[in-house]
Amino acid sequence: MGTFVITKRLNGSYKYEFNSRKGKAILISEDYELRFECEEAIEALKKAVDVIFFMRFKTKNGKMYFKVIVDEKEVAISRKYNTQFLMEKGIAEITRSLHVSEILDFSFPADVFSPAEDIFG
């Protein structure tokens, strides 16, 4: 089962990645100003799994990738793949497990824990 991971970029915006069950990123979203916008986009994508259109591309170097289109709007872009077979496996992973994927939020500051000096003296 795939997983959505929400993170915060250095510029302060939020993004989500859809990772495979092995932890490899398949999709990366556009930027969102607020975290709840990112969460809403994930929920909308999960509900729209039946109407997603995958637009396939090939780079000058021969790598392949796809864009996720929902209601004529690009919502995410895939990582680059070496072969068309691997790209199609990524698309299959999305259609198979997108709607049941859990959401992990890693957008909080890295200093969740107290400094070691405070704990150990």
Side-chain angles (χ1 to χ4, degrees):
M1 176 173 74
T3 306
F4 285 99
V5 178
I6 298 173
T7 56
K8 193 171 187 178
R9 294 186 187 264
L10 294 176
N11 67 4
S13 63
Y14 295 87
K15 69 170 175 95
Y16 66 81
E17 290 182 5
F18 180 73
N19 294 330
S20 71
R21 55 195 160 124
K22 294 183 179 182
K24 188 119 182 169
I26 298 176
L27 290 178
I28 300 172
S29 73
E30 58 188 17
D31 289 351
Y32 298 94
E33 186 176 341
L34 302 170
R35 191 179 90 241
F36 82 89
E37 292 175 329
C38 192
E39 292 169 349
E40 288 176 349
I42 292 171
E43 292 303 325
L45 186 61
K46 289 171 83 170
K47 289 177 183 172
V49 69
D50 295 330
V51 296
I52 292 175
F53 178 72
F54 299 99
M55 189 176 288
R56 294 157 174 86
F57 296 92
K58 191 172 190 177
T59 67
K60 294 176 186 176
N61 298 344
K63 303 261 184 176
M64 287 161 231
Y65 67 99
F66 58 90
K67 293 182 180 183
V68 177
I69 311 295
V70 177
D71 295 331
E72 299 181 11
K73 183 179 184 271
E74 178 185 324
V75 295
I77 190 166
S78 77
R79 68 180 185 88
K80 306 294 188 282
Y81 293 92
N82 290 325
T83 65
Q84 184 170 357
F85 175 74
L86 291 174
M87 181 179 69
E88 295 300 329
K89 275 183 68 174
I91 291 172
E93 176 82 20
I94 292 167
T95 56
R96 182 176 57 248
S97 67
L98 185 75
H99 63 287
V100 294
S101 300
E102 63 182 352
I103 300 172
L104 301 175
D105 190 351
F106 294 124
S107 63
F108 297 103
D111 56 350
V112 174
F113 300 103
S114 301
E117 299 83 33
D118 293 349
I119 298 171
F120 300 111

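Starting from 1, each residue takes its place in the sequence as its number.
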Identify every side-chain donor-acceptor pair in residues 37-44 under 3.5 Å, counting partners at least two apart or on other chains, and give the distances.
| from | atom 1 | to | atom 2 | distance (Å) |
| --- | --- | --- | --- | --- |
| Glu37 | OE1 | Glu33 | N | 3.3 |
| Glu37 | OE1 | Leu34 | N | 3.1 |
| Glu39 | OE2 | Arg35 | NE | 3.3 |

- Note on the structure: Contacts of Ser13 meeting side-chain hydrogen bond (donor to acceptor under 3.5 Å, both in side chains) (sequence neighbours excluded), chain-then-number -> Asn11, Asp31
- Item | Arg56 (side chain) donor-acceptor with Phe54 (main chain) under 3.5 angstrom | yes
- Message: Quick check against the 3.5 Å criterion: does Ser97 have a side-chain atom that pairs as donor or acceptor with the backbone of Ile94?
- Response: no
- Message: Taking Phe57 as the starting point, is it possible to reach Ile69 by hopping between hydrophobic residues whose side chains are less than 4.5 Å apart?
- Response: yes
Name every donor-acceptor pair, under 3.5 Å, that has one atom in a side chain of residues 75-86 and the other anywhere in the protein, sequence neighbours excluded.
| from | atom 1 | to | atom 2 | distance (Å) |
| --- | --- | --- | --- | --- |
| Ser78 | OG | Phe66 | N | 2.8 |
| Ser78 | OG | Phe66 | O | 3.3 |
| Arg79 | NE | Ala25 | O | 3.1 |
| Asn82 | OD1 | Lys63 | NZ | 2.6 |
| Thr83 | OG1 | Leu86 | N | 3.1 |

- Query: Quick one: does Thr7's side chain get under 4.5 Å of Ser107's, heavy atoms only?
  - Reply: no
- Message: Is any side-chain heavy atom of Asn19 closer than 4.5 Å to one of Ile26?
- Response: no
- Query: Under a single-linkage rule joining Ile, Leu, Val, Met, Phe, Trp and Tyr whose side-chain heavy atoms are separated by less than 4.5 Å, which residues share a cluster with Leu10?
  - Reply: none
- Query: For Lys47, does the NZ atom sit with more than 12 other heavy atoms under 6.0 Å from it, leaving out its own atoms?
  - Reply: no
- Arg21: partners by side-chain hydrogen bond (donor to acceptor under 3.5 Å, both in side chains), with sequence neighbours left out: none
- Message: Quick test of your reading of the model: are Lys24 and Glu17 salt-bridged, counting only N-O distances below 4.0 Å?
- Response: no
- Message: Which residues pass the ring pair (Phe, Tyr, Trp, His ring centres under 6.0 Å) test with Phe53, not counting sequence neighbours?
- Response: none
- Using modelled atom types only, decide if a donor and an acceptor are shared between the side chain of Ser29 and the backbone of Tyr16 within a distance under 3.5 Å. yes
- In chain order, what residues pass the salt bridge (charged side-chain N to carboxylate O under 4.0 Å, His left out) check against Lys22, with sequence neighbours excluded? none
- Who passes side-chain hydrogen bond (donor to acceptor under 3.5 Å, both in side chains) against Lys60, sequence neighbours left out? none
- Item | Taking every non-hydrogen atom, the tightest pair across Val70 and Ala48 | CG1-CB, 3.8 Å
- Query: Pairs in or reaching into residues 18-43: which pass ring-ring contact (aromatic ring centres under 6.0 Å, His included), with residues at least two apart or in two chains?
  - Reply: Phe4-Phe18
